[in-house]
Amino acid sequence: MREIFAGMPWWVKWVAVPLLALFVFGGVITSILGALIGIVFKLLLFVGLVGGLIFLVKKFSGGASKSSSSEW
């Protein structure tokens, strides 16, 4: 493979080949990135909702269950 690229100009190695790779595999790359961003968003949403639920439970059951909250 190095022998093939040895005689090529620099712009073929560093511009044309990456552009061709993006053209061919661009859909795959964007779908993988979209899936990763979606997973991270859902994970952050889940953490926020669980945190909000814990906050609400502690706020509304504050005075009544002091002994049970010390068990956690």
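Keep in mind that the numbers below use all heavy atoms, side chains included, and drop hydrogens, waters and symmetry copies. For the single chain, residues carry numbers from 1 onward in sequence order.
Hydrophobic clustering, defined by side-chain heavy atoms of Ile, Leu, Val, Met, Phe, Trp and Tyr closer than 4.5 Å, groups L53 together with V57.
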Please set out all donor-acceptor pairs under 3.5 angstrom arising from side-chain atoms of residues 5-15, sequence neighbours excluded.
none

Mind listing the side-chain donor-acceptor pairs of residues 22-49 below 3.5 Å, one per line with the distance, residues two or more places apart or on another chain?
unit_1 : atom_1 : unit_2 : atom_2 : d
T30    : OG1    : G26    : O      : 3.0
T30    : OG1    : G27    : O      : 3.0
S31    : OG     : G27    : O      : 3.2
S31    : OG     : V28    : O      : 2.8

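L20 is linked by a side-chain contact (heavy atoms from CB on, under 4.5 Å) to nothing, counting only residues two or more places apart in sequence or in another chain.
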